There are 2 protein chains.
Amino acid sequence: MSLRYALLALLSVEPMTGYDLYKEFESSVGHVWHAPDSQIYPELRRMEKDGLLEGEEVVWGQRGKKRQYHITEAGTAAFRDWMNGTLEYSRVRDPAHLKAAYLEWAEPEAAREQMRAHIRHHTAQLEQWREKVREIEQGTSPMLTRRLATLPASEHSKTTAFKKFTYQGLIARAEQEIAWAQQGLALIDELYPAG
Amino acid sequence: MSLRYALLALLSVEPMTGYDLYKEFESSVGHVWHAPDSQIYPELRRMEKDGLLEGEEVVWGQRGKKRQYHITEAGTAAFRDWMNGTLEYSRVRDPAHLKAAYLEWAEPEAAREQMRAHIRHHTAQLEQWREKVREIEQGTSPMLTRRLATLPASEHSKTTAFKKFTYQGLIARAEQEIAWAQQGLALIDELYPAG
DNA sequence: CCCGACATGTAAATGGTTACATGATTGC
DNA sequence: GCAATCATGTAACCATTTACATGTCGGG
């Protein structure tokens with residue numbers, strides 16, 4: 001149910017359309033939470049029905065229209081409650097580590113490729129997250145800039161610090177995953193000396 | 001669809017009943033992949049229908065019976081194919097980091113509690129995984145012992161090494177998460193000096 | 001004889017993915 | 001006029017969770 005709270009987080013800054021939100025999920029929030037448009041539009045309708053949002057039709061061009069949502073009092077309260085409550089941690093479900101545990105079944109070259117794919121995947125994420133930290137530090141993050149504009153100056157350091165802290169955690173995790181996969185490559189070389 | 005392969009991995013060692021597998025998911029494999037009994041039983045039926053497994057009724061006591069599954073040639077091939085193929089990485093969906101990014105919305109004490117919960121969660125996992133590594137090193141892991149018994153001595157080091165490698169990766173990740181949450185606690189103290 | 005472990009499911013709901021479908025607008 | 005982007009959905013499917021349901025066995 002975190003999608004709902006990811007949407008509330010974004011809509012707490014300013015009113016947006018489903019498409020605006022979808023774009024955010026492809027870039028900024030998408031680095032912590034992903035959702036396709038087909039999940040966003042119905043969820044917005046449900047949230048409106050539940051009183052967390054209010055949507056209004058906005059004219060767009062000559063014949064077009066779009067639906068812009070803004071957060072309600074109840075929506076703000078729900079988000080605050082979620083933030084103050086405790087998160088349930090779900091049980092482990094990790095395909096990469098499941099596979100790693102049985103790597104003796106794979107051909108040495110396939111095992112190596114698995115490790116390289118792990119490195120590629122986490123390197124790509126690392127770059128995105130490092131870019132995010134750079135944007136936060138330089139004040140060039142559009143979403144953060146708009147957020148700060150709605151807050152008193154005394155709140156700026158907190159808002160900025162928590163965003164940076166989040167991305168630094170993700171960066172450290174990605175670096176760890178890369179280091180692990182590199183150990184994996186070394187291990188494979190050790191176990192299959194000729195291959 | 002990794003549940004299917006987690007089941008094949010276990011059944012590659014020896015025939016088991018749904019309940020045996022469920023027990024394994026509560027302990028050994030459960031540390032990399034969790035599944036409830038209500039997911040295991042139907043999946044075994046589907047895998048049997050797909051020719052990956054064969055089940056036979058085994059008498060159990062006077063009136064009781066149980067269904068024991070053993071892996072087929074096709075099942076072994078499917079598992080090997082999965083091991084030699086490449087894994088799809090799914091998009092990020094991380095409630096703990098989503099929440100961390102908006103921690104300025106939470107009461108300072110709730111923010112601290114979130115970080116402490118993160119530490120508690122990963123500390124608990126860390127202990128389980130360290131125990132697993134200890135069992136592997138000392139040769140007291142029942143599942144691994146049975147697995148090794150089916151293999152020539154020349155294969156023992158590989159099988160053992162990959163299991164240990166897997167758990168070491170999970171341990172490093174948990175340690176990183178704990179370190180991150182501790183930085184979070186320090187950050188909260190810094191941002192809310194009086195609270 | 002009772003209790004905890006063994007044994008096997010079904011049903012409903014939730015959350016998420018993939019595919020399909022459609023149409024308007026803006027900029028070149 | 002065409003393409004890329006803006007805009008909004010539905011439908012089918014798959015994976016997973018939670019709740020319910022039932023019965024046997026073995027040890028004390």
Side-chain angles (χ1 to χ4, degrees), chain A residues 1-8 15-27 29-30 32-50 53 55-69 82 87-95 98, chain B residues 1-8 10-11 15-27 29-30 32-50 53 55-69 82 87-95 98:
Chain A
M1 272 288 272
S2 296
L3 170 61
R4 173 162 290 208
Y5 299 101
L7 291 168
L8 286 175
M16 286 190 204
T17 67
Y19 191 72
D20 292 337
L21 288 157
Y22 161 66
K23 289 274 112 177
E24 289 298 323
F25 275 85
E26 292 290 292
S27 55
V29 213
V32 214
W33 198 269
H34 174 257
D37 53 352
S38 67
Q39 206 188 349
I40 293 170
Y41 289 112
E43 182 63 22
L44 288 171
R45 291 284 178 175
R46 272 192 297 271
M47 288 165 76
E48 187 176 10
K49 216 183 61 197
D50 294 347
L53 304 179
E56 54 170 340
E57 300 276 298
V58 172
V59 293
W60 169 58
Q62 261 88 71
R63 274 174 303 284
K65 57 185 174 169
K66 53 186 183 177
R67 193 167 184 79
Q68 193 162 48
Y69 292 93
W82 183 70
L87 206 61
E88 300 265 307
Y89 284 82
S90 54
R91 303 287 296 266
V92 199
R93 202 166 293 106
D94 185 333
L98 170 62
Chain B
M1 270 287 271
S2 297
L3 170 61
R4 174 162 290 207
Y5 299 101
L7 291 167
L8 286 174
L10 290 170
L11 289 167
M16 285 190 206
T17 67
Y19 191 73
D20 292 337
L21 288 158
Y22 160 67
K23 289 273 111 179
E24 289 298 323
F25 275 84
E26 293 290 290
S27 54
V29 213
V32 219
W33 198 271
H34 174 257
D37 52 353
S38 66
Q39 205 188 351
I40 294 170
Y41 289 112
E43 183 63 22
L44 289 170
R45 290 284 177 174
R46 273 192 296 271
M47 288 165 76
E48 188 176 9
K49 214 182 60 196
D50 294 346
L53 304 179
E56 53 167 341
E57 300 275 298
V58 174
V59 292
W60 171 55
Q62 259 90 68
R63 273 174 303 283
K65 59 187 171 166
K66 54 186 182 176
R67 191 163 187 84
Q68 193 160 49
Y69 293 93
W82 184 70
L87 205 59
E88 299 266 308
Y89 285 82
S90 54
R91 304 288 295 268
V92 199
R93 205 166 289 106
D94 185 332
L98 171 61

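Source: prediction; values computed, not measured.
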Return the 5'-most residue of the pair A35(B), R67(A) with respect to DNA chain D, ranking by each residue's nearest nucleotide.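 First, find each residue's nearest nucleotide; the 5'-ward one identifies R67(A).
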
Please answer whether the main-chain N or O of [Y] pairs with a side-chain N or O of [X] as donor and acceptor at a distance below 3.5 Å.
X: R93(B); Y: W33(A); result: no
X: E48(B); Y: G55(B); result: yes
X: D20(B); Y: T17(B); result: yes

Is it true that Y22(A) and Y19(A) have ring centroids separated by less than 6.0 Å?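 Yes, close enough.
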
Closest to side chain of W60(B), choosing from dA19(C), dA7(C), dT8(C):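 Of dA19(C), dA7(C), dT8(C), dA7(C) is nearest to the side chain of W60(B).
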
How long is the line joining [atom1] of [X] and [atom2] of [N], in whole Å?
X: R93(B); N: dG15(C); atom1: CZ; atom2: P; value: 12 Å
X: R63(B); N: dA7(C); atom1: CZ; atom2: C1'; value: 15 Å
X: Y41(A); N: dT22(C); atom1: OH; atom2: P; value: 17 Å
X: E43(A); N: dG15(C); atom1: CD; atom2: P; value: 8 Å
X: R91(B); N: dT18(C); atom1: CZ; atom2: P; value: 10 Å
X: F25(A); N: dG16(C); atom1: CZ; atom2: C1'; value: 13 Å
X: E88(A); N: dG15(C); atom1: CD; atom2: P; value: 13 Å
X: Q39(B); N: dG15(C); atom1: CD; atom2: P; value: 16 Å

Give one of base, sugar-phosphate or nothing for S90(B), where a contact means two heavy atoms less than 4.0 Å apart.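 It contacts nothing in the nucleic acid.
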
Out of the candidates K65(B), Q68(B), K66(B), only one should pair with E57(B) under the side chain to side chain contact (heavy atoms under 4.5 Å, CB included) rule; please name it.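 For E57(B), the side chain to side chain contact (heavy atoms under 4.5 Å, CB included) test succeeds with only one of K65(B), Q68(B), K66(B), which is K65(B).
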
Checking side chain to side chain contact (heavy atoms under 4.5 Å, CB included) against L3(A), which of Q39(A), H34(A), M47(A) comes through?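 When Q39(A), H34(A), M47(A) are each tested with L3(A), the side chain to side chain contact (heavy atoms under 4.5 Å, CB included) holds only for Q39(A).
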
Can you tell me if the side-chain N/O atoms of Y19(B) get under 4.0 Å from OP1 or OP2 in dT8(C)?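 No, because none of the side-chain N or O atoms of Y19(B) sits under 4.0 Å from OP1 or OP2 of dT8(C).
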
Indicate yes or no: at least one non-hydrogen side-chain atom of Y69(A) is less than 4.5 angstrom from one of P15(A).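 No, every pair of side-chain atoms sits at 4.5 Å or beyond.
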
Run R4(B) and D50(B) through side chain to side chain contact (heavy atoms under 4.5 Å, CB included) and show every step you take. CA-CA 11 Å; R4(B) 174 162 290 207; D50(B) 294 346; 3.0 Å; yes

First and last nucleotide of DNA chain D touching chain B, 5' to 3', heavy-atom cut-off 4.0 Å?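 In short, chain B contacts DNA chain D from dA15(D) to dC25(D).
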
For the helix from dC1(C)-dG28(D) to dC28(C)-dG1(D), what is the angle between the axes at its two ends, each from 5 pairs, rounded to 10°?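 Axis angle across the helix from dC1(C)-dG28(D) to dC28(C)-dG1(D), nearest 10°: 20°.
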
Flag the pair K23(B) and E26(B) as a salt bridge only when some basic side-chain nitrogen lies within less than 4.0 angstrom of an acidic carboxylate oxygen.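 Looking at E26(B) together with K23(B), the answer is no, because their closest N to O distance does not fall below 4.0 Å.
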
Could you say whether D20(B) or G61(A) is positioned toward the 5' end of DNA chain C, judged by the nucleotide with the nearest heavy atom to each?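 Whichever sits nearer the 5' end wins; that is D20(B).
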
Residue whose closest nucleotide on DNA chain C lies nearer the 5' end, K66(B) versus P42(B):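 Whichever sits nearer the 5' end wins; that is K66(B).
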
